> 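This is the structure I want to talk about, given as structure tokens.
The figures here come from the full heavy-atom set of this structure, side chains too, leaving out hydrogens, waters and symmetry mates. Naming convention: chains lettered A, B, ... in sequence-line order (proteins, then strands); numbering from 1 in each chain. None of these values were measured; they are calculated from a predicted model.
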Amino acid sequence: MRPEEARRLASDRLRSALSSRYGIEREVALTEPRLESFGDVSSRIALEAAGPAGAKPREIAEALASDAALPEDVFASISVEGPGYINLSFSLAHLCSVTSALASEGLVPMMVAAGSGRTALVEYVSSNPTGPLNIGHCRQAVLGEAVAGLLEATGWRVEREYYFNDAGRQSLLLGESLAARYAELHGDSHPVPEGGYRGEYLLWWARDLAGERGSALEWPADSGLFVDYARTRAMEMIKGDLAVLGVEFDRYFSESSLIPEAVGEALEALGRIETPSGPLIYEEPEGSGKLWARLTALGRPEDRVLLRENGVFTYRMPDIAYHLDKFGRGYDLMVDIFGSDHLDTSKDVVALLSALLGEEEVSRRLRVILHQFVTLVRDGRKVKMSTRAANFVTLRDLVEEAGSPDVTRYLFLTRRAEAQMDFDLELARRQSDDNPVYYVQYACARISGILRNALAEGLSPATGGASVAPLLAGADERSLMRLLEAVPVRTAAAAAALEPHRLTEILHDLAVSFHGFYQRVRVVDRDEPEVSRARLMLCSACRNTMRDLLGILGVEAPERM
RNA sequence: GCGCCCGUAGCUCAGCUGGAUAGAGCAGCGGACUUCUAAUCCGCAGGCCUCGCGUUCGAAUCGCGACGGGCGUACCA
């Protein structure tokens, strides 16, 4: 029986006991208790039901425990502890059968597939093509990958998408910044424009451009060429940076592909909407051609311009068209991952989408994850960063300094998205020995070593399922199996919450338990081949589970270290 | 000013749909390698969970208010 099914069964039995004994209809939640001595799963239902039932919590708990009639092959015991907790213990046979399945099939088949073939689109990074990716994009790339991986592991069909703005003022500014560097090469002075980009990479591009096209180009006569060239190179650069992290998208979606048709249609649709305070879209000043969205009528603090007087859309407008496009593609779930600086925009876009498609539709299909910023710490001091001034640490630098994509990914994923975090460069660099990712990877490598050695002696993991339970009756074995059994449930919960950082906790728990087990229990024992094979099965389950969890996060599970 | 996120051990952070003695890593101190990888293990020490008020049988967790930090508050993205 899969772990989620075992919990469902216990929950249902307790619920019907509660119903028939007290006439209370209520879902019974089961939690993973904090301490192993509290059992394997636990319920507080008796404390919650005490009021409505008009009875003492302990009394209720005793009654439910005796009425529950749980199958003995799955549950070994049910007991009442403390103020009225109902604590359940799994049978060794159940733990062993799950362990066996993990050893032979890995983690994913052990989960009840919540997605079951439905489709999801995860949008992340979406940095505009103006320069290399920075440390913030790095956090986002890592997060997006992990969210996508988590959804895939729970049965969703996932697409990864990168949306970029290439039609706005920033593209123009980048083009002119390139033109300035280009002019500089040929001794002409053309200052980098106000608010322009000063990164050294523009100088390299200028040289390449001069090599291809000679020295006759001029700004603004050849502005289109400069802009196109800069954008192309920037996109190449970004893809290169992503490759350093091992990130690849299924689709790169450009803002300009929405202009003018999709954006026009979106604007028209918005224009048909009436709010209690008047039309959603209005012109102001009269006759100027400038169009505003009446966001205040949708509960937002300010109205916003969607179309400027000069006929150019503001960035919110293509954003809406882009989201409409995504909704139109029929995904069951869309996840947007943004930095916290996008909060306001994102809320405006969600409000306008809700006006177009209905609030229920939007909140059901669209989820926005806003992550907080990363503060870079170098020499114990916080580093100020600015993309345009180009005094920032790039994703590439970061991965190189941290030593590997694995370290970078794992470090970012140990914190939840909405927590600000400090990234200490010195720490990342020197953490080669006591970095949390190595701790986990080392456990995998250790197990691989054991399995290799055992195989060389002709011993392979047992495949008997629950039947080998008597051979794994030790306390260390049970602790590890108990943890393994809960992994599918914890992973599913992490997926439902879109919180990949929880997987690093699971991984850490598993590694701690395994290292302890390894220290105290000899796996391969020539005198006890059957016991050895049972233990090898446990090791294999542990390795597979960690490998699969690491895989979701995009981190390697090495065979040797 | 307003909106959102955050404030937990010396440092970096988990725990937050209220519940059983508040956890981890790093840093500190003390131990364990003739044994499948010591990138490991075992032990010690370290906390008015920012503060105050409230809701509750019960609050790190929920509400309100301070204080502190971050982000936003563009006709930039």
> Would you say CD of A/Glu32 has more than 12 non-hydrogen atoms from neighbouring residues, nucleotides or ligands within 6.0 angstrom?
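Count over threshold, so yes.
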> Sort out the partner of B/G7 for me: Watson-Crick or G-U wobble, both distances under 3.5 Å, none otherwise.
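Matched B/G7 with B/C67 under the 3.5 Å cut-off.
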> Out of A/Asp344, A/Thr296, A/Thr345, which residue meets the side chain to side chain donor-acceptor pair (under 3.5 Å) rule with A/Arg304?
A/Asp344
> If you check every side-chain atom of A/His501, which of B/A74, B/G15, B/C13 has the closest atom?
B/G15
> For the residue pair A/His342 and A/Phe338, does the interplanar ring angle fall in the parallel (under 30°), tilted (30 to 60°) or perpendicular (over 60°) class?
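Aromatic pair A/His342/A/Phe338 classed parallel.
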> Send over the distance from A/Arg169 CZ to B/A74 P, rounded to a whole Å.
15 Å
> Answer with base, sugar-phosphate or nothing: what part of the nucleic acid does A/Glu81 contact at a heavy-atom distance below 4.0 Å?
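Counting heavy atoms under 4.0 Å across all strands, the contact made by A/Glu81 includes a base.
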> Is A/Tyr518 near enough to B/C42 that one of its side-chain N or O atoms lies under 4.0 angstrom from OP1 or OP2?
no
> Rounded to the nearest 0.5 Å, what separates atom CD in A/Glu477 from atom CZ in A/Phe517?
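Output value for this atom pair is 5.0 Å.
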> Taking any heavy-atom pair under 4.0 Å as a contact, classify A/Leu35: base, sugar-phosphate, or nothing.
base
> What integer number of Å spans the C1' atoms of B/U50 and B/U61?
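About 16 Å, rounded to a whole number of Å.
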> In whole Å, I'd like the distance from the CD1 atom of A/Ile447 to the C1' atom of B/U40.
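Distance, rounded to whole Å: 13 Å.
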> Give a yes/no on whether any side-chain N or O of A/Arg316 is located under 4.0 angstrom from OP1 or OP2 of B/A74.
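Checking A/Arg316 against B/A74: no side-chain N or O falls below 4.0 Å of OP1 or OP2.
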> Could you tell me the Watson-Crick or G-U partner of B/C36, where both distances fall under 3.5 Å? Say none if there is no partner.
none
> How long is the straight-line distance from CG of A/Leu343 back to CG of A/Asp348, given to the nearest 0.5 Å?
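The distance works out to 9.0 Å.
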> Identify whether a stacking contact exists between A/Phe38 and B/A20, where the ring centres must be under 5.5 Å apart and the planes under 30° apart.
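A stacking contact exists, since A/Phe38 sits close and nearly parallel to the base ring of B/A20.
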> Let me know, please, whether A/His342 or A/Arg415 comes out on the 5' side of the other along RNA chain B by nearest nucleotide.
A/Arg415
> So, is the end of the A/Lys239 side chain (NZ or CZ) under 6.0 Å from the ring centre of A/Phe249 and within 45° of the ring's axis?
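Relative to the ring axis of A/Phe249, which defines the angle, A/Lys239 lies outside at least one limit.
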> By nearest nucleotide on RNA chain B, pick out whichever of A/Leu451 and A/Ile86 is the more 5' one.
A/Ile86
> Counting only side-chain N and O atoms of A/Arg34, is one of them less than 4.0 Å from OP1 or OP2 of B/G15?
no
> Using a 4.0 Å heavy-atom cut-off across all strands, classify A/Arg560 as base, sugar-phosphate, or nothing.
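Base contact.
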> Counting only distance, no hydrogens or angles, is the base of B/A20 paired donor-acceptor with the side chain of A/Ser42 under 3.5 Å?
yes
> How long is the line joining CD1 of A/Ile60 and C1' of B/C57, in whole Å?
13 Å
> Tell whether A/Gln420 reaches the base of B/G69 with its side chain through a donor-acceptor pair below 3.5 angstrom.
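Answer is yes: a donor-acceptor pair is held.
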> For A/Glu284, answer base if it contacts any base atom (sugar-phosphate contacts may also be present), sugar-phosphate if it contacts only those atoms, and nothing otherwise; contact means non-hydrogen atoms under 4.0 Å.
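Counting heavy atoms under 4.0 Å across all strands, no contact is made by A/Glu284.
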> Counting side-chain heavy atoms from CB outward, which of B/U21, B/C42, B/U40 is closest to A/His515?
B/U40
> Can you tell me, in whole Å, how much space there is between the P of B/G15 and that of B/C6?
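Result for the P pair: 11 Å, nearest Å.
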> Using OP1 and OP2 only, check whether a side-chain N or O of A/Arg44 sits under 4.0 Å from B/G58.
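No, A/Arg44 has no side-chain N/O under 4.0 Å of OP1/OP2 on B/G58.
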> If I take atom OH in residue A/Tyr439 and atom P in nucleotide B/A14, what distance separates them, rounded to the nearest angstrom?
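One finds 20 Å between P of B/A14 and OH of A/Tyr439, rounded.
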> Taking the C1' atom of each, how far is B/A32 from B/C48, in whole Å?
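Nearest-Å result for B/A32 against B/C48 at atom C1': 38 Å.
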> May I ask you to say what A/Thr345 touches in the nucleic acid, namely base, sugar-phosphate or nothing, with a heavy-atom cut-off under 4.0 Å?
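Base, at least one base heavy atom under 4.0 Å.
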> For A/Phe412 and A/His501, I'd like to know if the aromatic rings sit close, meaning centre-to-centre distance below 6.0 Å.
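For A/Phe412 and A/His501, the ring centres are not under 6.0 Å apart.
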> Using the C1' atom as the point on both nucleotides, what is the distance between B/A60 and B/G3, in whole Å?
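Each nucleotide's C1' atom is 25 Å from the other's.
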> Quick one: label A/Gln372 by what it contacts on the DNA or RNA (base, sugar-phosphate, nothing), any heavy atom closer than 4.0 Å.
base
> What distance, rounded to whole Å, do you find between the two C1' atoms, one in B/C2 and one in B/G18?
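Nearest-Å result for B/C2 against B/G18 at atom C1': 31 Å.
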> Under a 3.5 Å limit for both distances, which nucleotide forms a Watson-Crick or G-U wobble pair with B/U17, could you say?
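Paired with B/U17, as far as the under-3.5 Å criterion goes, is no nucleotide at all.
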> Mind checking if A/Val80 touches a base, just sugar-phosphate, or nothing, with heavy atoms under 4.0 Å?
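Nothing, no nucleic acid heavy atom in range.
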> I'd like the C1' distance from B/C16 over to B/U73, given in whole Å.
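So the two C1' atoms sit 28 Å from each other.
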> Considering only side-chain heavy atoms of A/Pro33, which listed nucleotide, B/A20, B/U21, B/C5, is closest?
B/A20
> Rounded to whole angstroms, how far apart are CZ on A/Phe514 and C1' on B/C42?
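After rounding, the reported distance stands at 17 Å.
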> Can you identify which nucleotide, out of B/G15, B/C4, B/A38, has its nearest atom closest to the A/Lys347 side chain?
B/C4
> Which is true for A/Ala445 with a 4.0 Å heavy-atom rule: it touches a base, it touches only sugar-phosphate, or it touches nothing?
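Base contact.
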> When you compare B/C53 with B/A14, how far apart are their C1' atoms, in angstrom units rounded to a whole number?
28 Å
> Should we say atom CD of A/Glu27 is surrounded by more than 12 heavy atoms from elsewhere, each under 6.0 Å from it?
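Yes, enclosed.
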> Quick one: the side chain of A/Asn87 and the base of B/A20, do they pair up donor-acceptor inside 3.5 Å?
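It does, because a donor-acceptor pair links the side chain of A/Asn87 to the base of B/A20 below 3.5 Å.
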> Over how many whole Å does the gap from A/Tyr438 atom OH to B/A38 atom P extend?
19 Å
> Side chain of A/Asp341 only, heavy atoms from C-beta on: which candidate in B/G72, B/U73, B/C41 is closest?
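Within the option list, the nearest is B/G72.
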> Which is it for B/C33, anti or syn, if anything within 90° of zero counts as syn?
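Syn conformation here, the glycosidic angle of B/C33 being no more than 90° from 0.
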> When you compare B/G25 with B/A9, how far apart are their P atoms, in angstrom units rounded to a whole number?
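Roughly 16 Å separates the two P atoms.
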> Would you mind reading off the distance between A/His508 atom NE2 and B/C13 atom C1', rounded to a whole angstrom?
12 Å
> What is the ring orientation for A/Tyr252 with A/Tyr162, classed by angle as parallel under 30°, tilted 30 to 60°, or perpendicular over 60°?
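Geometry flag for A/Tyr162 against A/Tyr252: tilted rings.
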> Checking contacts here: which listed nucleotide (B/G70, B/A74, B/G72) is nearest the side-chain heavy atoms of A/Asp344?
B/G72
> For the side chain of A/Arg446, counting heavy atoms from C-beta on, which of B/G70, B/A38, B/U73 is nearest?
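Selected nucleotide: B/A38.
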> Tell me the partner of B/C62, counting only Watson-Crick (N1-N3 plus N6-O4 or O6-N4) or G-U wobble (N1-O2 and O6-N3) with both under 3.5 Å; none if nothing fits.
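Base-paired to B/G54.
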> Taking pairing as Watson-Crick or G-U wobble with both contacts under 3.5 Å, can you name the mate of B/C44, or confirm there isn't one?
B/G28
> Take the protein atom CG of A/Leu370 and the nucleotide atom P of B/G72, then report the distance between them rounded to whole Å.
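Going from CG in A/Leu370 over to P in B/G72 covers 13 Å.
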> Is B/G72 paired to anything, Watson-Crick or G-U wobble with both distances less than 3.5 Å, and if yes, which nucleotide?
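Result: B/C2.
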